[in-house]
Amino acid sequence: MLKNEESPIKRRPSRQIHVGSVPVGGDAPIAVQSMTNTDTLDIEGTVAQIRGLEEAGADIVRVSVPDMDSAEAFAKIRAAVNVPLVADIHFDYKIALRVAELGVDCLRINPGNIGKEERVRAVINAAKDHGIPIRIGVNAGSLEKDLQRKYGEPTSEAMVESAMRHIEILDRYDFKDFKVSLKASDVIMAVQAYRLIADKIEQPLHLGITEAGGLRSGAVKSSVGLGMLLAEGIGDTIRISLAADPVEEIKVGFDILKSLRLRTRGINFIACPSCSRQNFDVIGTMNELESRLEDVNTSMDVAVIGCIVNGPGEAKEADIGITGGTPQHLMYQDGDKDRKIDKASLVDDLEREIRQRAARKKAEEDAIIAKG
């Protein structure tokens, strides 16, 4: 294990933009974002969901704004939350102009359904006037009709051609503060599209596998696709698209980044899949710990290993580790043997130690920040 070492991944150089207070691209951490699935006109419900996403660690949240009534509701939502908000605009460019006036942090448009260049130009001018970045969102399912005829079906090349067509418009009007996404539900198509455009532009790339599926299948598809790209240094923001609670998107996003040592947040559990050698119920213990400790945001490694074959080695590399033994289990702290624990109190003891460690780490981090 390479605990506490920086990721060996060399990020693709990109121009840095700002979505509200969050830097995107350049040397900024890869941002994790999600999207609300409430009715935007339900201001109270949407605000509650955004706050839940922020608590889960979301850096940026996207909100659908399908009509002018939703644009007015968006203004009230923006005023009630702290996390930067992206307005998702389709078809009617006038909605983009309105939310630009109302304080949006980024405009997401799909040029394929915004329409004529003068409409895109109007959105560009509004973004310039208000200092707002734009996200060009190309989706395999909504390519321009002429590209559909040219390629016969959605392809990675068609997606890149669509993106470049609209990037050229931004370039003509000297607008540089934008990011680009090229999403497809097909993992290979999306990966190839991102690889192609990564060498063509300097702007940051927003990664995602669109309409990936439910919690399990969507997490797998997204992990495979985004993992391939992130390992190559491609990607500056990510969104995991799941037919599930949006909070799960944030959790999966951070899990992907943690696995590549690109970001840390919360507990990184190292747990064995269990076998007949186990001296305690590893699966039950893990389910209970994950449920109890969802609120812990402090980064740490916790090893939960059921026997003495791999247990000591993994536990020694973790902040806190437990190795199954007979008749008692052995806890490690910072690589050293700490004490023995009875099976009956295993979960309670681990939770208490983890929370105490998290509190100490947070206090140390706060002290460093206070010193400047």
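What you are looking at is a predicted structure, and each value in this text was computed from that prediction instead of being measured.
- Within the 4.5 Å cutoff, no side-chain heavy atoms of Ile136 are placed close to those of Gln203.
- Under 4.0 Å is where a charged nitrogen must lie from a carboxylate oxygen, and between Arg11 and Asp27 no such pair does.
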Show your working on side-chain contact (heavy atoms from CB on, under 4.5 Å) between Glu317 and Asp301 and close with a plain yes or no.
-> CA-CA 8 Å; Glu317 295 296 328; Asp301 292 334; over 6 Å; no
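- One N or O on the side chain of Thr40 and one on the backbone of Ser64 form a donor-acceptor pair closer than 3.5 Å.
- The backbone N or O of Glu211 lies less than 3.5 Å from no partner atom in the side chain of Ser185, so there is not a single donor-acceptor pair.
- Residue-environment remark: CD1 (Ile308) stays at or below the threshold of 12 foreign heavy atoms within 6.0 Å.
- With respect to Arg357 and Asp319, a salt bridge is recorded, a charged nitrogen being found less than 4.0 Å from a carboxylate O.
- To the nearest 0.5 Å, atoms OG1 (Thr323) and OH (Tyr332) are separated by 5.0 Å.
- The shortest side-chain heavy-atom distance between Asn268 and Met300 does not fall under the 4.5 Å cut-off.
- Taking 4.0 Å as the cut-off between side-chain N and carboxylate O, Arg265 and Asp59 do not count as a salt-bridged pair.
- A single hydrophobic cluster is seen to contain both Ile109 and Val104, as judged by linkage of ILVMFWY side chains at heavy-atom distances under 4.5 Å, directly or through other members.
- Side chains of Glu144 and Ser162: a donor-acceptor N/O pair is present below 3.5 angstrom, by distance only.
- If you chain together hydrophobic residues whose side chains sit under 4.5 Å apart, Ile17 and Ile201 never meet in one group.
- One finds a salt bridge joining Arg355 and Asp295 here, because a Lys/Arg side-chain nitrogen approaches an Asp/Glu carboxylate oxygen to under 4.0 Å.
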Table please: side-chain donor-acceptor pairs of residues 118-128 below 3.5 Å, with sequence neighbours left out.
residue, atom, partner, partner atom, Å
Arg121, NH1, Tyr173, OH, 3.2
Asn125, ND2, Arg121, O, 3.4
Lys128, NZ, Tyr173, O, 2.3

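- Taken from CG in Leu205 to OG in Ser181, the straight-line distance is 9.0 Å, to the nearest 0.5 Å.
- The side-chain contact (heavy atoms from CB on, under 4.5 Å) with Ile30 is formed by just one residue from the set Val24, Leu230, Leu226, Leu260; it is Leu230.
- The pair Arg98-Glu72 counts as a salt bridge, with a side-chain nitrogen and a carboxylate oxygen less than 4.0 angstrom apart.
- Judged by distance alone, the side chain of Gln16 and the main-chain N or O of Gly25 form a donor-acceptor pair under 3.5 Å.
- Looking at Ile134 and Phe175, their side chains come closer than 4.5 Å, going by heavy atoms from C-beta outward.
- Without hydrogens or angle criteria, Ser217 side chain to Gly213 main chain gives no donor-acceptor distance under 3.5 Å.
- Under the 4.5 Å side-chain heavy-atom criterion for ILVMFWY residues, no single connected hydrophobic cluster contains both Ile95 and Leu102.
- Counting heavy atoms from C-beta outward, Val180 and Ile197 have side chains that approach closer than 4.5 Å.
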Would you please test Asp366 and Lys371 for salt bridge (charged side-chain N to carboxylate O under 4.0 Å, His left out) and show each step?
-> CA-CA 9 Å; Asp366 290 345; Lys371 289 181 179 179; over 6 Å; no
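- Side chains of Leu207 and Thr237 form no contact here, defined as non-hydrogen atoms less than 4.5 Å apart.
- Cluster annotation: Val302 is connected to Ile322 through the hydrophobic network of ILVMFWY side chains, with a link wherever side-chain heavy atoms come within less than 4.5 Å.
- No donor-acceptor pair under 3.5 Å is formed between the side chain of Asp342 and the backbone N or O of Ala344.
- Taking 4.0 Å as the cut-off between side-chain N and carboxylate O, Glu365 and Lys361 do not count as a salt-bridged pair.
- In terms of heavy atoms, Thr36 sits closest to Gln49 at CA-OE1, 3.0 Å.
- Looking at Asp336 and Lys316, no side-chain N of the basic residue comes within less than 4.0 Å of a carboxylate O on the acidic one, giving no salt bridge.
- Phe91 belongs to no hydrophobic cluster, as no Ile, Leu, Val, Met, Phe, Trp or Tyr side chain comes under 4.5 Å of its own.
- Note that the CG atom of Leu85 and the CG atom of Asp105 stand 6.0 Å from one another [nearest 0.5 Å].
- Every residue two or more places apart in sequence or in another chain that forms a side chain to side chain donor-acceptor pair (under 3.5 Å) with Asp349 is listed here: Ser345, Arg352.
- In this structure, Arg360 places its CZ atom where more than 12 heavy-atom neighbours from other residues, nucleotides or ligands lie under 6.0 Å away.
- Considering only residues two or more places apart in sequence or on other chains, Phe280 meets the ring pair (Phe, Tyr, Trp, His ring centres under 6.0 Å) condition with His329.
- Between the side chain of Thr155 and the main chain of Met189, no donor-acceptor pair closer than 3.5 Å is present.
- By the side chain to side chain donor-acceptor pair (under 3.5 Å) test, Lys150 is found to be paired with Glu161, residues two or more places apart in sequence or in another chain being considered.
- At most 12 non-hydrogen atoms from other residues, nucleotides or ligands lie less than 6.0 angstrom from NZ of Lys340.
- Side-chain contact between Leu107 and Val86 is absent, with no heavy-atom pair separated by less than 4.5 Å.
- Rounded to the nearest 0.5 Å, atoms CZ (Phe269) and CD (Glu290) are 6.0 Å apart.
- Proximity of Val61 to Gln33: side-chain heavy atoms (C-beta onward) are nowhere separated by under 4.5 Å.
- There is no path of hydrophobic side-chain contacts, each under 4.5 Å, that joins Val304 to Leu330.
- No side-chain heavy atom of Lys337 sits less than 4.5 Å from a side-chain heavy atom of Pro312.
- Taken to the nearest 0.5 Å, the OG1 atom of Thr210 stands 10.5 Å off from the NZ atom of Lys221.
- The closest side-chain donor-acceptor pair between Thr264 and Ser299 falls under 3.5 angstrom.
- One distance of note links CD of Glu44 with OG1 of Thr38; it measures 11.5 Å at 0.5 Å rounding.
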Let me see the working for Glu117 and His166 under side-chain hydrogen bond (donor to acceptor under 3.5 Å, both in side chains), right down to the final yes or no.
-> CA-CA 9 Å; Glu117 180 175 334; His166 300 291; over 6 Å; no
Report all side-chain donor-acceptor pairs from residues 241-256 shorter than 3.5 Å, counting only partners two or more places apart or in another chain.
residue, atom, partner, partner atom, Å
Asp245, OD1, Val247, N, 3.0
Glu249, OE1, Ser34, OG, 2.6
Glu249, OE1, Arg239, NE, 2.9
Glu249, OE1, Arg239, NH2, 3.4
Glu249, OE2, Arg239, NH2, 3.2
Glu249, OE2, Leu242, N, 3.0
Lys251, NZ, Glu294, OE2, 2.8

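- Within the 3.5 Å criterion, the main-chain N or O of Ile267 finds a donor-acceptor partner in the side chain of Lys258.
- A distance-only check finds a donor-acceptor pair linking the side chain of Thr285 to the backbone of Asp281 [under 3.5 Å].
- Looking only at distances, a side-chain donor or acceptor of Arg51 sits under 3.5 Å from a matching main-chain atom of Ala80.
- Although no hydrogens or angles enter the test, the distance criterion places a donor-acceptor pair under 3.5 Å between the side chain of Tyr194 and the main chain of His206.
- Ion pairing between a basic and an acidic side chain is recognised when a charged N comes within 4.0 Å of a carboxylate O; Asp199 and Arg12 show no such pairing.
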